[in-house]
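Starting off with a structure, shown below.
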There are 2 protein chains.
Amino acid sequence: MAGNPTIYDIARQAGVGIATVSRVLNGGARVSEDARAKVQAAVAALGYRPNRAARRLAAGGLNRPRIAALVPLFSADFYANVARALARGVAAAGMDLVLVDVADREDKLRHFTRLVEERACEGLVLCSMGLGEERQDLLRGRGVPFVALDYRLPGVPSCWVDNRAGAKMAAQCLLDRGARRLGWIDGPATVHAFHDRAAGFDAVAGADAPRVRAPAVTRDDGRAAATQLLDLHPELDGLVCANDLYAVGALEILRMRGRTVPDQVQVIGFDDQPLMDHIGLTTVRQPMAGLGSWAAAAITRLVVDPGADIPGKRFALELVARATTRDQTAG
Amino acid sequence: MAGNPTIYDIARQAGVGIATVSRVLNGGARVSEDARAKVQAAVAALGYRPNRAARRLAAGGLNRPRIAALVPLFSADFYANVARALARGVAAAGMDLVLVDVADREDKLRHFTRLVEERACEGLVLCSMGLGEERQDLLRGRGVPFVALDYRLPGVPSCWVDNRAGAKMAAQCLLDRGARRLGWIDGPATVHAFHDRAAGFDAVAGADAPRVRAPAVTRDDGRAAATQLLDLHPELDGLVCANDLYAVGALEILRMRGRTVPDQVQVIGFDDQPLMDHIGLTTVRQPMAGLGSWAAAAITRLVVDPGADIPGKRFALELVARATTRDQTAG
DNA sequence: ACATGCTATGGAAGCGCTTCCAATGGCCGG
DNA sequence: CCGGCCATTGGAAGCGCTTCCATAGCATGT
């Protein structure tokens with residue numbers, strides 16, 4: 001009994017035919033109470049679990065394609081927003097979205113392998129993550145189309161933003177508005193986006209500008225990083241943050257310490273997640289809905305037409321100036 | 001040729017055997033270029049799409065259960081947060097989560113029917129929605145377990161909050177802190193939660209207290225409602241809002257009009273979604289993660305053990321006093 | 001020229017389930 | 001007491017695909 005029990009096992013155990021088992025399992029039309037009870041007992045005894053694939057095959061159900069999205073840190077607002085757009089777009093194309101929240105690299109690989117091995121999806125959206133050639137070939141071999149979101153994967157339909165340019169924009173923005181000593185709150189090194197943003201910051205502020213790396217992506221991390229940064233460098237008059245939550249955390253610390261924003265210290269975030277306009281945070285807007293919608297459109301298209309040629313798309317990042325920065329210095 | 005073409009059709013069209021077709025389709029080990037080309041041409045010509053169920057059955061893949069969640073207005077933060085917890089919990093149990101964003105009642109029914117007919121899932125989570133007896137029986141007949149989230153469904157494992165009590169708490173909170181004339185920003189009538197909250201508000205403030213109903217659940221709706229409410233009733237000194245976004249919108253309008261908060265007008269929201277602490281909004285905290293986690297645990301349990309008896313759970317609502325209300329009046 | 005070892009290929013056997021169809025047995029009316 | 005009908009049941013035929021196995025076609029080695 002290597003695999004799971006089948007209805008044959010149940011039938012044998014219950015002393016009835018497979019047809020009867022099936023009837024009991026499917027809403028029991030025309031089955032005696034006696035038979036029903038025996039079957040249910042057998043099901044319980046053997047821990048039987050119907051095989052979905054067989055059911056659908058036999059029942060001849062529809063064949064609705066499934067799109068799986070590998071999303072890191074689903075709890076981050078950026079991804080929640082991306083996921084929304086993805087869900088909408090996929091549903092609009094008449095397909096289902098399976099959201100997989102991957103915690104780390106290892107987790108990602110595990111899920112990836114499973115999805116592919118099990119043929120659990122007809123299309124795959126990879127969010128913010130690379131994929132070795134070997135694994136790409138695995139997908140191609142299996143005929144599973146895939147697209148990259150927030151990551152530029154050569155030869156694969158991808159949508160991305162220029163994080164480096166965005167961070168340059170952010171740092172330059174503060175400089176333009178009179179800041180002279182910039183500090184950088186960086187994100188986890190494992191996330192490529194932060195890597196690129198750090199590079200952008202460096203390009204403008206110099207690689208020796210003060211910085212602290214937050215271990216995760218929460219507001220708490222931002223608070224801790226800001227505390228550390230300001231303790232070490234009280235002279236800072238501009239804080240460039242790798243995401244909005246860090247910036248909000250920093251704002252709280254600054255307020256707590258009585259440093260006025262934007263007069264004494266200017267702050268800029270990255271993402272422009274919801275409510276940032278209410279809070280008045282100057283930030284670099286990411287096209288979250290745009291990325292999600294694009295990816296949904298791309299992958300659903302590829303599922304229907306595997307040969308489609310879909311050019312990658314770079315989405316523009318936009319600086320949104322608000323209350324945590326001063327007015328642009330005239331002239 | 002009623003249904004979709006099968007590999008037999010492809011094989012015939014291409015003049016090869018089905019085994020060859022299968023090989024081409026699965027990453028083409030040991031197939032001549034000639035055969036491959038012919039098969040691919042046939043696939044394209046016939047618009048062939050492999051049947052997933054058959055594939056998985058034949059390949060003998062794993063049989064990972066799928067949990068579908070019918071979530072209304074996925075774009076609302078409440079649901080985004082619930083969905084996160086759901087995704088985590090379901091993944092932790094080794095199952096997949098299919099998120100379905102239902103726009104309205106009709107949409108809900110359509111998806112529901114499809115999911116059940118197609119046996120697209122082994123378990124169903126219904127968020128904030130009822131389900132007629134008839135449909136419940138359909139699920140039971142099919143042997144598909146289901147749980148209700150944010151809705152108390154008799155005889156079904158449910159988790160919910162007492163929205164009425166929550167709104168009473170909110171209104172009473174303002175009264176306790178010195179407000180005398182309360183206004184109510186209500187949500188769409190189709191959402192049961194708003195219905196209950198309105199009843200709670202009425203119980204404390206009276207059914208004739210001023211109110212405006214917002215057509216949707218965005219901050220913009222809150223702004224519009226607040227504008228209308230304040231125009232009609234400039235004397236209001238307390239605004240009870242059916243959700244946090246309305247409250248934030250109201251705050252913006254109040255600020256714009258120079259009404260101080262909480263001195264002239266006190267404001268309270270509902271949900272305590274992320275960042276409300278930063279904004280300083282007094283609100284009624286909903287256990288979003290708790291609801292999602294509970295539902296995930298319940299449904300995954302039921303999928304594994306259909307006979308499990310899972311008692312419903314009411315989650316407590318908690319008042320979180322912050323800066324948009326005054327200090328509690330002493331004594 | 002013949003045995004040998006490949007590669008490419010087709011046929012057929014299931015994967016586990018649903019469901020049609022025929023068969024069984026008990027009960028009714030005549 | 002018997003034919004006929006209905007409720008219940010089991011067997012068997014696929015659902016469309018993957019894959020094992022046997023076959024055939026060729027190019028080698030001797």
Side-chain angles (χ1 to χ4, degrees), chain A residues 1-39 42-43 46-63 65 116-120 122 141-144, chain B residues 1-39 42-43 46-63 65 116-120 122 141-144:
Chain A
M1 187 79 63
N4 296 314
T6 71
I7 54 170
Y8 286 91
D9 300 317
I10 301 299
R12 198 176 320 121
Q13 170 96 9
V16 300
I18 57 163
T20 301
V21 174
S22 179
R23 285 186 200 103
V24 171
L25 260 25
N26 287 291
R30 317 197 156 291
V31 187
S32 67
E33 275 313 312
D34 177 56
R36 180 188 310 282
K38 283 193 295 189
V39 168
V43 165
L46 270 49
Y48 169 74
R49 304 239 322 103
N51 179 305
R52 291 191 293 107
R55 278 197 150 170
R56 303 207 31 204
L57 212 211
L62 270 318
N63 193 202
V116 178
E117 296 290 313
E118 266 180 65
R119 299 167 184 292
E122 280 63 60
R142 292 290 203 187
V144 178
Chain B
M1 187 87 62
N4 294 314
T6 71
I7 54 169
Y8 287 90
D9 299 317
I10 301 299
R12 198 176 321 122
Q13 171 94 11
V16 301
I18 57 163
T20 302
V21 174
S22 180
R23 284 185 200 105
V24 171
L25 260 25
N26 288 291
R30 317 194 155 291
V31 188
S32 66
E33 274 314 311
D34 178 55
R36 179 187 310 281
K38 283 193 296 188
V39 168
V43 166
L46 269 50
Y48 168 76
R49 304 238 320 104
N51 179 305
R52 291 192 292 108
R55 277 198 151 170
R56 302 206 32 201
L57 214 213
L62 271 317
N63 192 201
V116 179
E117 297 289 314
E118 265 180 67
R119 300 167 184 292
E122 280 62 60
R142 292 289 203 188
V144 178

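Naming convention: chains lettered A, B, ... in sequence-line order (proteins, then strands); numbering from 1 in each chain. Side chains included, hydrogens not; waters and symmetry mates left out as well; all remaining heavy atoms used.
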Provide a list of protein-nucleic acid N or O atom pairs under 3.5 angstrom, restricted to nucleotides 18-25 of chain C.
residue : atom : partner  : partner atom : Å
dT18(C) : OP1  : Asn26(A) : OD1          : 3.2
dT18(C) : OP1  : Asn26(A) : ND2          : 2.9
dT18(C) : OP1  : Arg55(A) : NE           : 3.0
dT18(C) : OP2  : Ser22(A) : OG           : 2.8
dT18(C) : OP2  : Asn26(A) : ND2          : 3.4

Working to the nearest 0.5 angstrom, can you tell me the gap between Leu46(B) CG and Ile10(B) CD1? 4.5 Å
For a quick test of reading the model, state the closest non-hydrogen atom pair linking Gly17(A) to Ala11(A) and the distance between them. C-CB, 3.8 Å
Interatomic distance where CZ belongs to Arg52(A) and C1' belongs to dC15(D) [whole Å]: 17 Å
Val16(A) versus Val21(A), closest heavy-atom pair with distance: CG2-CG2, 3.8 Å
If I take atom CG in residue Asp34(B) and atom P in nucleotide dA8(C), what distance separates them, rounded to the nearest angstrom? 12 Å
I want to check something: taking the side chain as every heavy atom from C-beta on, are Val43(B) and Leu25(B) in contact at a cut-off of under 4.5 Å? yes
Just how far is it from atom CD1 of Ile7(B) to atom CZ of Arg55(B), taken to the nearest 0.5 Å? 9.5 Å
Report the distance from atom CZ of Arg23(B) to atom CD1 of Ile18(B), rounding to the nearest 0.5 Å. 9.5 Å
Select base, sugar-phosphate, or nothing to describe what Ala11(B) touches, counting heavy atoms under 4.0 Å on all strands. nothing
Atom pair distance, as rounded to whole Å: CG in Asp9(B) and C1' in dC17(D): 13 Å
To the nearest 10 degrees, the angle between the two end axes of the helix from dA1(C)-dT30(D) to dG30(C)-dC1(D) (five pairs per end) comes to 40°
Atom CG of Leu57(B) and atom C1' of dC15(D): how far apart are they, to the nearest Å? 9 Å
Of the non-hydrogen atoms in Val31(A) and Ala35(A), which two are nearest, and what is the gap between them? CG1-CB, 3.8 Å
May I have the distance from Arg56(B) (atom CZ) to dC17(C) (atom P), rounded to whole angstrom? 14 Å
How far apart are the C-alpha atoms of Arg36(B) and Val39(B), what are their side-chain angles, what is the distance that settles it, and do they pass the side-chain contact (heavy atoms from CB on, under 4.5 Å) test? CA-CA 5 Å; Arg36(B) 179 187 310 281; Val39(B) 168; 5.9 Å; no
side-chain contact (heavy atoms from CB on, under 4.5 Å) between Asn4(A) and Arg49(A), intermediate numbers included: CA-CA 7 Å; Asn4(A) 296 314; Arg49(A) 304 239 322 103; 5.9 Å; no
Closest heavy-atom pair, Lys38(A) versus Gly15(A), reported as atoms and distance to 0.1 Å, is NZ-O, 4.4 Å
To the nearest 0.5 Å, how far apart are CZ in Arg52(B) and CZ in Arg56(A)? 5.0 Å
Using atom CZ of Arg12(B) as one end and atom P of dT9(C) as the other, report the distance to the nearest whole Å. 19 Å
So which protein nitrogen or oxygen atoms get under 3.5 Å of nucleotides 24-26 of chain D's nitrogens or oxygens?
none

Given dT9(C), is OP1 or OP2 found less than 4.0 Å from the side-chain N or O atoms of Ser32(B)? yes
